[in-house]
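Taking it in order: structure first as structure tokens, then the write-up.
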Amino acid sequence: MTKALLSTTYFGPVQWYQKIHRHGLCLIEQHENFQKQTYRNRCIIATANGTQALTVPVIHQPTSTPDSSAKSSAPPITSLLISDHGNWRHLHWNALCSAYGDSPFFEFYADDIQPFFFERRWETLFEFNLDIIHTLCELLDIHPNLQLTDSYIDDPVNPHIIDYRSGINPKHPAEDPDFQPRPYWQVFQQRHGFLPNLSILDLLFNTGPEAIFYL
């Protein structure tokens with residue numbers, strides 16, 4: 001049985017949720033260093049004007065020197081505090097309402113998603129993302145075996161571990177023969193055509209209970 005090695009995500013893309021659905025065991029890296037412009041603190045949605053990135057601002061909390069095995073001077077992912085800069089929660093929720101208010105299942109799931117933008121009980125990005133992931137799994141009706149890494153996994157040589165940490169990337173995605181985006185109805189499809197591998201929210205709001213069949 002293969003294991004998927006994944007980085008944390010903020011309402012991650014369909015591809016990320018496909019991995020945790022199809023692999024028997026999924027390891028979420030909690031000892032890596034933070035990388036900017038990745039799904040770790042951003043998601044991509046479809047709007048009337050095309051795709052839009054929603055990014056959670058973070059605070060780089062002073063910490064001890066990062067694990068040298070991570071080969072980076074960036075802060076550890078678990079040390080990042082969520083910032084209140086720019087009233088981002090309000091902006092993200094309004095963007096979702098504008099983008100998906102007319103989708104078939106937005107109202108059905110809104111009460112489950114809204115607390116992530118109106119409650120401030122999360123201090124760190126990593127904890128915030130974990131709760132999002134668990135909520136999305138419940139809504140998608142998928143039941144992955146999710147575990148956190150015990151230490152940083154540097155270039156795994158174990159043939160039973162597939163490393164997706166850098167490959168699932170909004171800027172430079174790696175080739176993934178196991179992921180072939182299957183078209184589904186989207187709110188602005190007539191204007192932009194089908195936009196693949198957006199945030200899992202796009203799939204959920206547009207397809208509802210059938211979302212699991214696309215994973």
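These values consider heavy atoms only, across backbone and side chains, with no hydrogens, waters or symmetry-generated copies.
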If you define the side chain from C-beta out and look only at heavy atoms, does anything of Leu80 sit under 4.5 Å from Phe126? no
Do Thr2 and His23 meet the criterion of a side-chain donor-acceptor pair at a distance under 3.5 Å? yes
With a 4.0 Å cut-off, would you call Arg22 and Asp178 a salt bridge? no
I'd like to know whether CD of Glu123 has more than 12 heavy-atom contacts from other residues, nucleotides or ligands below 6.0 angstrom. no
Considering all heavy atoms of both residues, which atom of Cys43 and which atom of Ser199 are nearest to each other, and what is their separation? CB-CB, 4.0 Å
Heavy-atom count check: over 12 atoms from other residues, nucleotides or ligands less than 6.0 Å from Glu107 CD? no
Should Ile113 and Leu136 be marked as a side-chain contact (heavy atoms from CB on, under 4.5 Å) after you check the CA-CA gap, both sets of side-chain angles, and the distance that decides it? CA-CA 9 Å; Ile113 302 300; Leu136 265 297; 4.2 Å; yes
What distance do Gln30 atom CD and Ile77 atom CD1 have between them, rounded to the nearest 0.5 Å? 11.0 Å
Can you confirm whether the side chains of Tyr100 and Asp202 place a donor and an acceptor under 3.5 Å from each other? yes
Rounded to the nearest 0.5 Å, how far does OH of Tyr214 lie from CG of Leu203? 7.5 Å
same_hphob_cluster(Ile20, Leu215) at 4.5 Å side-chain heavy-atom cutoff: yes
Straight-line distance of Arg165 CZ to Ile28 CD1, nearest 0.5 Å: 12.5 Å
Pairwise distance CD(Glu138) to CD1(Ile133) - rounded to 0.5 angstrom: 12.5 Å
Sidechain-backbone polar pair: Asn41 side chain, Val56 backbone, donor-acceptor under 3.5 Å: yes
Taken in chain and number order and not counting sequence neighbours, the residues that satisfy side chain to side chain contact (heavy atoms under 4.5 Å, CB included) with Ser83 are Pro57, Ile59, His85
Take Leu81 and Leu125, measure what side-chain contact (heavy atoms from CB on, under 4.5 Å) needs, and give me the verdict at the end. CA-CA 6 Å; Leu81 300 179; Leu125 175 70; over 6 Å; no
Nearest heavy-atom contact between His192 and Gly50 is NE2-N, 3.2 Å
Looking at Ile142, is its backbone amide N or carbonyl O close enough to the side chain of His21 to form a donor-acceptor pair, meaning the two atoms are under 3.5 Å apart? no
Just checking, Arg120 and Phe128: is the charged tip under 6.0 Å from the six-membered ring centre and within 45° of the axis? no
Under the 3.5 angstrom rule, does the side chain of Thr124 hit a backbone N or O of Glu127 as a donor-acceptor pair? yes
Consider ring-ring contact (aromatic ring centres under 6.0 Å, His included). Of Trp88, Phe116, Phe106, Phe11, which one does Trp93 pass it with? Phe106
Within this structure, what is the SG-CH2 distance for the pair Cys26 and Trp16, rounded to the nearest 0.5 Å? 7.5 Å
If you define the side chain from C-beta out and look only at heavy atoms, does anything of Ile200 sit under 4.5 Å from Pro13? no
If you round to the nearest 0.5 Å, how far is NE2 of His172 from CD of Gln37? 8.5 Å
Check for me, please, whether Tyr109 and Leu140 land in the same ILVMFWY cluster - side-chain distances under 4.5 Å, paths through other members count. yes
Would you tell me whether Asn145 and His143 have side-chain atoms, one donor and one acceptor, within less than 3.5 Å of each other? no
Going through the checks in order, is the side-chain contact (heavy atoms from CB on, under 4.5 Å) test met by Phe205 and Val187? CA-CA 10 Å; Phe205 290 149; Val187 176; over 6 Å; no
Can you classify the ring geometry of Phe108 versus Phe105 as parallel (below 30°), tilted (30 to 60°) or perpendicular (above 60°)? perpendicular
Around atom CD of Gln190, are there more than 12 heavy atoms from other residues, nucleotides or ligands closer than 6.0 Å? no
State plainly whether one hydrophobic cluster holds both Leu91 and Leu201, where clusters connect Ile, Leu, Val, Met, Phe, Trp and Tyr through side-chain heavy atoms under 4.5 angstrom apart. no
Between the side chains of Glu29 and Ser7, is a donor N or O closer than 3.5 angstrom to an acceptor N or O? no
Would a distance-only check, ignoring hydrogens and angles, find a side-chain to backbone donor-acceptor pair under 3.5 Å from Ser98 to Ala95? no
Using every non-hydrogen atom in the two residues, find where Leu146 and His134 come nearest and quote the distance to one decimal. CD1-CE1, 4.1 Å
Do Leu96 and Phe118 share a hydrophobic cluster (ILVMFWY, side-chain heavy atoms under 4.5 Å, transitive)? yes
Joint cluster assignment, Leu198 & Ile132, ILVMFWY side-chain distance < 4.5 Å: yes
4.5 Å side-chain heavy-atom contact, Leu54 and Ile45: yes
Around atom CD of Glu210, are there more than 12 heavy atoms of other residues, nucleotides or ligands at under 6.0 Å? no
Could you tell me whether Asp163 and Lys3 have a side-chain N and a carboxylate O separated by less than 4.0 Å? no
Given side-chain contact (heavy atoms from CB on, under 4.5 Å), test Arg40 with Tyr10 step by step and report yes or no. CA-CA 6 Å; Arg40 291 163 179 81; Tyr10 170 64; over 6 Å; no
Verify, without hydrogens or angle tests, whether Asn197 (side chain) and Gln15 (backbone) share a donor-acceptor contact under 3.5 angstrom. yes
Do we get Arg89 above Phe117's six-membered ring, with its NZ or CZ under 6.0 Å from the centre and within 45° of the axis? no
Are any side-chain N or O atoms of His92 and backbone N or O atoms of Thr55, one a donor and one an acceptor, separated by less than 3.5 Å? yes
Can you name the closest pair of heavy atoms from Pro76 and Ser79 and give their distance? O-OG, 2.9 Å
Non-hydrogen side-chain atoms of Tyr39 and Ile44 separated by less than 4.5 Å: yes
Say whether, by atom type as modelled, one donor and one acceptor occur between the side chain of His31 and the main chain of Asp150 under 3.5 angstrom. yes
Taking all heavy atoms of Trp185 and all of Pro104, pick out the closest pair and write down the distance. CZ3-CD, 3.5 Å
